[in-house]
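I have placed the structure first, in the form of structure tokens, so that the comments after it can refer back to it.
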Amino acid sequence: MIYADLHVHSRHAFNTSRALDVETLVAAAARKGVHVVGTGDALHPLWRQELGERLEPAGDGLYRLRPEAARRVAATLPLTCAELPLFIATTEVSTVYAKAGKTRRVHHAIVFPGLEAADLLAERLGAIANLASDGRPTFTLDSRHLLEIVLETVPDAIFIPAHIWTPWYGVLGAGSGFACIEDCYEDLTPEIFAVETGLSADPAMIRRVSALDRFRLVSASDAHGPGTIGREATMFRCAPGFGAFRAALKTGVGYGGTVEVFPEHGKYYWDGHRACGVGRGPSPEDGDLCPVCGKPLTIGVAHRVAALADRSAPEGTSRASAETTVRTLVSLPEILSQLHGMAATAKTVVAAHAETLARLGPELRLLIETPLSEIGAVNAALAEAVAKLRRGLVQRQAGYDGVYGEIRVASGVG
Ligand SMILES: [Zn+2]
Ligand SMILES: [Zn+2]
């Protein structure tokens, strides 16, 4: 199975880790077991320069670290994780504008056939706004107009509405989105063939909305730091490459499904008010106002999906599992932290994480594919936790209004 993380950011995007340089990104993706990672922020001039200096073409729109840098990074990795990921040119773009009497804020992820194609779009969009100010540039353009520019400039770019349900920046979000994809992209909607689930939604939730049936589902980390690279990913059963991925997303042949976090982990799953400490499931009787401050709550993804759904939750689940493979995970550092009853940053947990990777290899393969007997031979408690995880046996405390939820796999010290 090929794991691809097609939406990440660099240190040049707003609110991201300063540590996110090319080599750190490669090392994090290698430990996670991501085979193809997006460059993120491909329109940003400084990041583009770093990508040019560090990477060389590897065929079909992919890039690899140049040999000297690759040796440097490999020296920091356990031998079991020494397979370095390839890069694919990606960016995220934000559009903010008024339409039909409402302010719209929509994020779009774009995958390019190569860095030169990204340069063409940067040239075009650089005339409209300053691309150096944020790795995820914002344009006061109608989303349809942005898509038109992308199609004119890079006709085979993969254009993906990002985290479609999030309240403030999702195309279907309750705060500043639309009721359907067509209302946003109008006559150009047929050019779109994939949408991103976002952390707070999974395929089962999306398949409750029949209007979304024709879209293939992409999951990605939207990482703002090395620690979250690959927390969500898209699986492919084809050779890695831009053309192969595009065809897989368009036709389904070679598409393998998605790797998800539990949607309750997402920070916009429930309705809530962070400042008031209020987080709750959608409740028609209680209305949409905060019981503490009386102002409107931030409407979460669970509520928004229910509002737009024309199918029941069980029907969404059975459709999603019939059409594709979904792997829902808790990260390895988080599992180890729960097993040890200590913070993921504690010395003991960090050491256990390093040892686990050194003995069992990269995280995604370990959590999804490695036989339990092999894991058990190294760490019996971990094998038990992974067995529970694979069966979905977890306790969930849902996130709301920017607060992450908590998913517990293991109870107590293993
Ligand atoms: Zn975004
Ligand atoms: Zn409040």
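Indexing begins at 1, ligand by ligand and atom by atom, following the structure's order. Note that the structure is a prediction, hence the values are computed from the model and not measured.
Shown are L172, I181, V218; of these, the side-chain contact (heavy atoms from CB on, under 4.5 Å) with V195 is made only by I181.
Sorted by first and then second residue, the ring-ring contact (aromatic ring centres under 6.0 Å, His included) pairs involving residues 296-318 (not counting sequence neighbours) form an empty list.
E92 contributes OE2 as its N, O or S atom closest to the Zn ion (ligand 1). The Zn ion (ligand 1) sits nearest to atom ND1 when only the N, O or S atoms of H107 are considered.
The distance from the Zn ion (ligand 1) to the nearest N/O/S atom of D222 is not under 2.8 Å. Taking 2.8 Å as the threshold, H7 does not count as a candidate ligand of the Zn ion (ligand 1), since none of its N, O or S atoms lies below it.
Residues passing the side-chain contact (heavy atoms from CB on, under 4.5 Å) test with E323 are R207, sequence neighbours excluded. For the side-chain contact (heavy atoms from CB on, under 4.5 Å) test, residues two or more places apart in sequence or in another chain that qualify with A157 are I110, V150, V154.
Heavy-atom contacts from other residues, nucleotides or ligands closer than 6.0 Å to CG of L393 number more than 12. Environment of CD in E186: crowded, with over 12 heavy atoms of neighbouring residues, nucleotides or ligands closer than 6.0 Å.
In this structure, the side chain of R54 does not engage the main chain of A69 through any donor-acceptor pair within 3.5 Å.
Below the 2.8 Å limit, the Zn ion (ligand 2) has as protein N, O or S neighbours H273 ND1, C276 SG, C290 SG, C293 SG.
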Given the rule in the ring-ring contact (aromatic ring centres under 6.0 Å, His included) test, do H108 and F159 qualify, once you have shown the distances and angles that lead to the verdict? CA-CA 7 Å; H108 323 265; F159 189 97; 5.3 Å; yes
